[in-house]
Every structure is written in structure tokens, then in C-alpha cells.
Engineer: 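Mind looking over this structure? Questions follow.
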Amino acid sequence: MAKIIGGLTTSHVPAIGGAIAKGLQQDPYWKPFFDGFGPAREWLAETKPDVAVIFYNDHGLNFFLDKMPTFAIGAARQYFNADEGWGIPTVAPFDGSLDLSWKIIDHLVSREFDVTTCQEMLIDHAATMPLKLFWPNDEGPTQIVPVCINTVQFPLPSAKRCIALGKAVGEAVAGWDSDKKVVMIGSGGLSHQLEGQRAGFINKPFDLAFMKSLIDDPEWAAQFSILELVEKTGTQGVELLMWLAARAAVPGDVRKVHSNYHIPISNTAAGMMALAAA
Ligand code: DHB
Ligand code: FE
């Protein structure tokens, strides 16, 4: 059976793509952010996952406001990135694991999750950026399965529901008849708000409590409604649902390999965690 090695979480900000393209990793503005990934990269060089399941939120590249699935699972041979309008370079396509995609979809539907299956799916910065941050030389997983959770247009799925989704994805992967090693990735958050009167809002105490909870109490955030999470973390901070799903997809306890928290990158409190399955 497939082996789940652990979970990786990171914020995603389009400007990071520009910084990578321009080689600014040692620039004083960017260094405290990029340095956070070093210890995680070392762990990944040892553990060498073959496949990444990526929980992320599309920002209007593949789904627009006219059609907005709550949960959408990729089932494509290849996933292309495209111009999102942020002025960041488009990255090369990633290969999909069709076998694992359908395994996950079958399992989710049998567990009464009514998911949208996408045999064509453009992936935006939220899906591509973690791959470039954790494996800067493209030395990472050779196949991906994108799992898209709507955080763009209300109503949004609850934290409790995203945890349940993550758990079900983890069950599907654990039951996958394969010798491959799989890593769960959650891309989004932490606190940030891009628009309105609270633009620039950041909540460090909440972010740090949330990061800690992923290690010792991974359902802690389920006590909050979506509106409470927006209040505490901002309209885009609610992307932390991706971290919850990715953590829930790793069965049992986890050991923290490394974490980093840095304010701000663009308008965002940028956090990352690498969690090894215990
Ligand atoms: C920013 C953050 C995001 O999560 C995003 O999707 C786009 C932009 C930002 O802080 O600039
Ligand atoms: Fe975002």
C-alpha cells in the first residue's frame, strides 16, 4: 500500500513567483521567508515523496464566479499553469497521477462527498508555488493530485467539513494499492486580507495558535465558524482551511520537522510547516 510520509503547509503569494524568477532569495526582504524552507527541503531529500496531493484554492484561473465547486478534484494526465494576471512567469506543466485521482474520487463519493471531477484543470499559483518552494530544482514528486477547496465565493465549506474531507482523502491514499510515497500539501493563509477597510489585516497570535494546534490538537480550528475565521484571519486568511485539510489527510500523530512564520510577504503573514507522519 502507498505510504503517507507527512504534510507540508505554506502560504502562497503571487509575488513569491516573481522573487523566484528574479533570484531574490537572498535579498533582505525575501531571505527570512525563503530560509524557512531549508530544513524542510533536507527532510524531503531524505524521504523523497513520489506523489503530492495538493489542497489549494483556485483564485479565478480555472473556476470563475459563474461556476464555483465547493470541492473539485483533478483527474488529468497533466496540469497546466497559465497567466493569472499577476505578472508572474507561467511555470511548466505537472504530471498527474490518474490512478490516485480516481482512487480519491471513488472513495470521496462513496463517503458522501459530492465532488466535482476535473479531467482538465488549470492550476494557479496556489497549487504550483508550494512545489517550487519545497523543491526549488524540480527534484520533487513526479506526479500530483490537485484538490481544490472554494475560499473565493461564499458560502464556503466549514473547517469541520474540510477536516472531514482531508481525513477521507487520507483514507483513500492509505488504501491505494501502490508502493509510492505520498506527501500532503496545504497551500494558503495565514492571516491576510487584500481588500476593504481591513486591507492589510494580520493576526499573529491567532496564526501562531493555529500552527501549534496542527501538531497537538488538529481539530482545534473546527470550533470556529467560517465568519469567525474571517473575523480572526481576514477574508483571504480563511485559506487556512487548506492547512486543516492537509493535516487531517495525514493519519495519526505528526512530528514537527520545521516551521517558520514571517510578517509580511506582500499583504500576507507567511507561514510554513513540515510535519512528519509519526
Ligand atoms: C496575496 C496573497 C494571496 O493569498 C493571494 O492569493 C494573492 C495575493 C498577497 O498578499 O499579495
Ligand atoms: Fe490566495
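For the single chain, residues carry numbers from 1 onward in sequence order.
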Engineer: Give a yes or no on this: more than 12 heavy atoms of other residues, nucleotides or ligands lie within 6.0 Å of atom CD of Glu139.
Structural biologist: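 More than 12 within 6.0 Å, yes.
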
Engineer: More than 12 heavy atoms of other residues, nucleotides or ligands under 6.0 Å from CG of Asp216: is that the case?
Structural biologist: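 Yes - once you tally the heavy atoms of other residues, nucleotides and ligands closer than 6.0 Å, there are more than 12.
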
Engineer: Sequence neighbours left out, cut at 3.5 Å: what donor-acceptor pairs do the side chains of residues 34-42 make with other protein atoms?
Structural biologist:
residue, atom, partner, partner atom, Å
Asp35, OD2, Lys31, NZ, 2.9
Arg41, NE, Leu133, O, 2.9
Arg41, NH2, Leu133, O, 2.9

Engineer: Name the atoms and distances for all side-chain donor-acceptor pairs under 3.5 Å in residues 260-278, with sequence neighbours left out.
Structural biologist:
residue, atom, partner, partner atom, Å
Asn260, ND2, Pro32, O, 3.0
Tyr261, OH, Asp207, OD2, 2.5

Engineer: Strictly distance-based, threshold 3.5 Å: is any side-chain N or O of Lys48 a donor or acceptor partner for the main-chain N or O of Ala45?
Structural biologist: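 Indeed, once roles are kept as given, a pair shorter than 3.5 Å links the two residues.
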
Engineer: Please identify each residue that fulfils salt bridge (charged side-chain N to carboxylate O under 4.0 Å, His left out) with Asp95, with sequence neighbours left out.
Structural biologist: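 Checked Asp95 against salt bridge (charged side-chain N to carboxylate O under 4.0 Å, His left out); zero matches.
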
Engineer: Is Leu61 isolated, or which residues cluster with it under the ILVMFWY side-chain rule of less than 4.5 Å, directly or via members?
Structural biologist: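 Phe80, Leu122, listed by chain and number.
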
Engineer: Please tabulate, one pair per line, all N/O donor-acceptor pairs under 3.5 Å involving side-chain atoms of residues 162-175, not counting sequence neighbours.
Structural biologist:
residue, atom, partner, partner atom, Å
Lys167, NZ, Glu219, OE2, 2.6
Glu171, OE1, His107, NE2, 2.7
Glu171, OE1, Arg111, NH1, 2.2
Glu171, OE2, Arg111, NH1, 2.9

Engineer: Hydrophobic clusters join Ile, Leu, Val, Met, Phe, Trp and Tyr when side-chain heavy atoms are under 4.5 Å apart, directly or via other members; which others share one with Met1?
Structural biologist: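 So far as hydrophobic clustering goes, Met1 is joined with none.
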
Engineer: How about Phe134 and Pro141: do any of their side-chain heavy atoms sit closer than 4.5 Å?
Structural biologist: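 Phe134 does not reach Pro141 side chain to side chain.
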
Engineer: Taking atom CG of Asp217 as the centre, does the number of heavy atoms from other residues, nucleotides or ligands within less than 6.0 Å exceed 12?
Structural biologist: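 Above 12, so yes.
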
Engineer: For the residue pair Trp43 and Gly6, what are the closest heavy atoms and their distance?
Structural biologist: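 Of all heavy-atom pairs spanning Trp43 and Gly6, the closest is CH2-CA, 4.3 Å.
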
Engineer: If you compare all heavy atoms of Val145 against all heavy atoms of Gly74, which two are closest, and at what distance to 0.1 Å?
Structural biologist: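 Here Val145 and Gly74 meet closest at CG1-O, 4.1 Å.
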
Engineer: Would you list the pairs meeting ring pair (Phe, Tyr, Trp, His ring centres under 6.0 Å) in which at least one residue belongs to residues 3-29, sequence neighbours left out?
Structural biologist: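 Only His12-His59, His12-His125 qualify under ring pair (Phe, Tyr, Trp, His ring centres under 6.0 Å).
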
Engineer: Search all heavy atoms of Gly188 against all heavy atoms of Trp243 and return the closest pair with its distance.
Structural biologist: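 Of all heavy-atom pairs spanning Gly188 and Trp243, the closest is O-NE1, 2.7 Å.
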
Engineer: As an exercise, state the distance from CD1 of Ile105 to CG of Leu100, rounded to the nearest 0.5 Å.
Structural biologist: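 Between Ile105 CD1 and Leu100 CG, I get 9.5 Å after rounding to 0.5 Å.
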
Engineer: Do Ser191 and Phe206 touch side chain to side chain, with heavy atoms closer than 4.5 Å?
Structural biologist: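 Side-chain contact under 4.5 Å: no.
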
Engineer: Please say yes or no: joined through hydrophobic side-chain contacts below 4.5 Å, possibly via intermediate residues, are Ile144 and Ile5 part of one cluster?
Structural biologist: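 Both belong to a single hydrophobic cluster.
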
Engineer: Mind jotting down which residue pairs meet the ring pair (Phe, Tyr, Trp, His ring centres under 6.0 Å) criterion with at least one end in residues 183-203? Sequence neighbours excluded, please.
Structural biologist: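 As it turns out, there is no ring pair (Phe, Tyr, Trp, His ring centres under 6.0 Å) pair with a partner in residues 183-203 once direct neighbours are skipped.
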
Engineer: Is there a donor-acceptor pair closer than 3.5 Å between any side-chain N or O of Asn81 and the backbone N or O of Val91?
Structural biologist: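 It does hold such a pair.
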
Engineer: Side chains of Met121 and Cys148: does their closest heavy-atom pair fall under 4.5 Å?
Structural biologist: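 Touching, per the 4.5 Å side-chain cut-off.
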
Engineer: Please name the pair of heavy atoms, one in Glu239 and one in Thr151, separated by the smallest distance, quoted to 0.1 Å.
Structural biologist: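 Minimum heavy-atom separation between Glu239 and Thr151: CG-OG1, 3.8 Å.
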
Engineer: Output the distance between atom CG (Leu229) and atom OG1 (Thr235), rounded to the nearest 0.5 Å.
Structural biologist: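 Spacing of CG (Leu229) from OG1 (Thr235) equals 12.5 Å.
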
Engineer: Shared ILVMFWY cluster between Leu44 and Ile4, side chains joined below 4.5 angstrom?
Structural biologist: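 No, Leu44 does not connect to Ile4 through the hydrophobic network.
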
Engineer: Check whether any side-chain heavy atom of Asn57 sits under 4.5 Å from a side-chain heavy atom of Leu241, and report yes or no.
Structural biologist: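 Of all side-chain heavy-atom pairs linking Leu241 with Asn57, none is under 4.5 Å.
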
Engineer: Could you work out, with ring-ring contact (aromatic ring centres under 6.0 Å, His included) as the rule, every residue matching Phe71, not counting sequence neighbours?
Structural biologist: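 Per chain and number, Phe71 pairs via ring-ring contact (aromatic ring centres under 6.0 Å, His included) with no residue.
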
Engineer: May I ask you to test the Ser97-Trp176 pair for a side-chain heavy-atom distance under 4.5 Å?
Structural biologist: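 They are in contact (side-chain heavy atoms under 4.5 Å apart), so the answer is yes.
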
Engineer: Does Val147 reach the side chain of Val115, with side-chain heavy atoms less than 4.5 Å apart?
Structural biologist: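 A side-chain contact is absent here, since even the closest heavy-atom pair is not under 4.5 Å.
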
Engineer: Whether the side chain of Asp124 engages the backbone of Ala126 through a donor-acceptor N/O pair (distance < 3.5 Å, no angle test) should be reported.
Structural biologist: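 It does hold such a pair.
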
Engineer: What's the spacing between Asp106 CG and Thr117 OG1 if we round to 0.5 Å?
Structural biologist: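 Those atoms lie 10.5 Å apart.
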
Engineer: Any link between Ile149 and Ile185 through a network of hydrophobic side chains (Ile, Leu, Val, Met, Phe, Trp, Tyr) touching at under 4.5 Å?
Structural biologist: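 Shared cluster, no.
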
Engineer: Quick one: pull up CZ in Arg247 and CD1 in Ile215 and give me the separation to the nearest 0.5 Å.
Structural biologist: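 If I round to the nearest 0.5 Å, the distance is 9.0 Å.
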
Engineer: Connecting only ILVMFWY residues whose side-chain heavy atoms lie within less than 4.5 Å of each other, what is the rest of Leu194's hydrophobic cluster?
Structural biologist: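 Leu194 shares its hydrophobic cluster with no other residue.
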
Engineer: At what distance, to the nearest 0.5 angstrom, does NZ of Lys22 lie from CG of Asp27?
Structural biologist: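 Output value for this atom pair is 10.0 Å.
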
Engineer: Do Thr70 and Asp114 touch side chain to side chain, with heavy atoms closer than 4.5 Å?
Structural biologist: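 Not in contact.
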
Engineer: Tell me, yes or no, whether the heavy-atom count around Glu112 atom CD, taken from other residues, nucleotides or ligands under 6.0 Å, exceeds 12.
Structural biologist: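 Counting neighbours around CD of Glu112, 12 or fewer heavy atoms of other residues, nucleotides or ligands fall under 6.0 Å, so no.
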
Engineer: Does Arg77, at its CZ atom, have more than 12 non-hydrogen atoms belonging to other residues, nucleotides or ligands within less than 6.0 Å?
Structural biologist: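 Atom CZ in Arg77 is not crowded, with 12 or fewer foreign heavy atoms closer than 6.0 Å.
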
Engineer: Under 4.5 Å between any side-chain heavy atoms of Phe224 and Thr233, yes or no?
Structural biologist: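 Phe224 does not reach Thr233 side chain to side chain.
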
Engineer: Indicate yes or no for a side-chain donor-acceptor contact from Arg161 to the backbone of Leu156 under 3.5 Å, with no hydrogens or angles considered.
Structural biologist: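 Here the side-chain-to-backbone pair does not exist.
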
Engineer: Find the distance between CD1 (Ile16) and OG1 (Thr10) and round it off to the nearest 0.5 Å.
Structural biologist: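 Interatomic distance, Ile16 CD1 to Thr10 OG1, rounded to 0.5 Å: 6.0 Å.
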
Engineer: Search all heavy atoms of Met129 against all heavy atoms of Pro14 and return the closest pair with its distance.
Structural biologist: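 Heavy atoms only, the tightest pair is CE-O, 3.9 Å.
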
Engineer: Does Lys181, at its NZ atom, have more than 12 non-hydrogen atoms belonging to other residues, nucleotides or ligands within less than 6.0 Å?
Structural biologist: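 Count over threshold, so yes.
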
Engineer: Would you confirm whether Asn150, through its side chain, and Met68, through its main-chain N or O, come within 3.5 Å as a donor-acceptor pair?
Structural biologist: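 Answer holds: no.
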
Engineer: Establish whether Val238 and Trp220 are linked, either directly or via other cluster members, by ILVMFWY side-chain heavy-atom contacts under 4.5 Å.
Structural biologist: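 In one cluster with Val238: Trp220, yes.
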
Engineer: Please report the shortest heavy-atom distance between Val182 and Pro49, naming the atom on each side.
Structural biologist: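 Minimum heavy-atom contact is C-CB, 4.5 Å.
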
Engineer: Using the test ring-ring contact (aromatic ring centres under 6.0 Å, His included), find all partners of Phe94 that sit at least two apart in sequence or belong to another chain.
Structural biologist: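 Checked Phe94 against ring-ring contact (aromatic ring centres under 6.0 Å, His included); zero matches.
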
Engineer: Going by side chain to side chain contact (heavy atoms under 4.5 Å, CB included), Met184 matches just one of Thr9, Val53, Leu8, Ile54. Which one?
Structural biologist: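 The side chain to side chain contact (heavy atoms under 4.5 Å, CB included) with Met184 is passed solely by Val53 among Thr9, Val53, Leu8, Ile54.
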
Engineer: Hey, quick one: are Ile226 and Leu65 part of the same hydrophobic cluster, counting side-chain heavy atoms closer than 4.5 Å, chains of contacts allowed?
Structural biologist: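 No, it is not one cluster - the side chains of Ile226 and Leu65 are not joined through contacts under 4.5 Å.
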
Engineer: Would a distance-only check, ignoring hydrogens and angles, find a side-chain to backbone donor-acceptor pair under 3.5 Å from Ser213 to Pro218?
Structural biologist: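 Answer holds: no.
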
Engineer: Once side-chain contact (heavy atoms from CB on, under 4.5 Å) is applied, do any residues pair with Lys160, and if so which ones, sequence neighbours excluded?
Structural biologist: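 Lys160: side-chain contact (heavy atoms from CB on, under 4.5 Å) contacts with Ser158, Ala222.
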
